[in-house]
Amino acid sequence: MILVRYFGVLKDKLGLEQERLDWPGGTTRDLLTLLRARGGDWEQGLAPGQVFRLVVNQAIVRGDAEIPADAEVGILPPVTGG
Amino acid sequence: MILVRYFGVLKDKLGLEQERLDWPGGTTRDLLTLLRARGGDWEQGLAPGQVFRLVVNQAIVRGDAEIPADAEVGILPPVTGG
Amino acid sequence: MQLSISVTQAAFDLAVEEARLAAEAGDAGAVVAFVGRVRGQDGPVALASLFLEHYPGVTESEIARIAGEAAARWPLLACRVVHRVGHLLPGEGIVLVLMASSHRQAAFCAAEFLMDYLKTQAPFWKRECFVDGSQHWVEAKATDDDACLRWS
Amino acid sequence: MQLSISVTQAAFDLAVEEARLAAEAGDAGAVVAFVGRVRGQDGPVALASLFLEHYPGVTESEIARIAGEAAARWPLLACRVVHRVGHLLPGEGIVLVLMASSHRQAAFCAAEFLMDYLKTQAPFWKRECFVDGSQHWVEAKATDDDACLRWS
């Protein structure tokens, strides 16, 4: 099981803040593929231009990265802060 | 008559803060020539590298400028402030 | 370099923060402060309030990482970052960056570098609430990304 | 642009000045503050105090002229300059520059531009008094002139 957290505009687009997912193992790219396969808002909301970065266990990931079991994964839309 | 004022290190080098001078008319260059002709500390203290700028009636002068009768002239050493 | 980071709902006091930084920094000749304030009129409709969300834990450690990069580039004595989250009104301070160094150039460069980062890369998201009752999440600005490219 | 200049022996209060500037500037999103402080240890012997002289009347009008140049280059909302003269102790604030603008880049650039001017062109002269009793007028630094060239 992994915990997936959504931030900012993604929470509104996807209609949820976080969810627990069964996780057979894989990378951040695998996770995005799995979520986009839900279609509709998921496919649009998580399109490449809509995702800024992924965070695995509180560390920002650059490129593709392994997601361990029991990980917390954050999916970050483009940031707008400061 | 004009009033000539000295600032910063020039006051110490020349041993005075200000003086009144008879003024037959002329420019800032004429004034420097007149003062340097006093020789000694005046020649050294007012050498080109020691003078940053001249001020005539509270306005900084760039290049050579006429000094009117009754003017206040400030002679500024290189500035070191801020 | 002395480094201190707060991500908080509380307002900050510039004079208190600057005095503390100057004391920590020892013999700093230069302190640069940046205060970002909520603008009331950025578009056609006036802003009622702003809501800022962040990623607790990740935000602080990312800011610390970037401040470390700044310290590697410029000779800094101390750095303080306060970033507010939650609901903010027009005119309120939203971000404070303070940089202390012996001479002014390092402090200016590092403060601008850190602000470029905070505006373009740090995990903050803004929702704007307008006086006509409408609200929306702010879209990322291309100009902010451009400013950041200068440092890459 | 709202412009206010003080050359004074009195100490300044950063928070008071920043709040006043932000109020005058209306809808400023960015305020950059520079605080220059007297350094206690610049050379081998520690500094006891600094004495700053200026050319009253000329100083203020020259700073106003340069602030006007800054306003012509960048979209500024307000500018405040406080420069102290007379006797100052290590750690004391000697100069404060505040710039308010809608966005951060103008405020950063203009504050740095004005500071470069104040350090290299404004009619101020410093005498350093050391703890061993010696004292001398400070010589102009080549590095400060270099920084200014960037803007010419």
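Convention: sequence-line order gives letters A, B, ...; per-chain numbering from 1.
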Open item on the list: Any carboxylate oxygen within less than 4.0 angstrom of a Lys/Arg side-chain nitrogen, looking at D:Asp27 and C:Arg37?
Closed with: no

Open item on the list: Can a side-chain donor-acceptor contact be found between C:His87 and C:Ser49 if the only test is distance below 3.5 angstrom?
Closed with: no

Open item on the list: Ring centroids only, cut at 6.0 angstrom: are C:Trp74 and C:Phe113 within range, meaning strictly under it?
Closed with: yes

Task: Check: D:Val85 and D:Thr8 side chains under 4.5 Å, non-hydrogen atoms - done: no

Open item on the list: Only pairs of heavy atoms separated by less than 4.5 Å count here; which of D:Ala28, D:Ser102, D:Ala107 has the most with chain C?
Closed with: D:Ser102

Task: Pick from D:Val31, D:Leu98, D:Asp13, D:Val97 with the largest number of heavy-atom pairs that fall under 4.5 Å of chain C - done: D:Val31

- [ ] Check each atom of D:Val38 against the heavy atoms of chain C and say whether the ones under 4.5 Å are side chain, backbone, both or neither.
- [x] backbone

Task: Identified side-chain contact (heavy atoms from CB on, under 4.5 Å) partner of D:Phe124 from the options D:His83, D:Arg84, D:Glu53 - done: D:His83

Open item on the list: Can you tell me which portion of D:Ala111 sits under 4.5 Å from chain C's heavy atoms? Options are side chain, backbone, both or neither.
Closed with: both

Open item on the list: Counting heavy-atom pairs under 4.5 Å with chain D, which one of C:Gly40, C:Pro90, C:Ala30, C:Ala33 comes out on top?
Closed with: C:Ala33

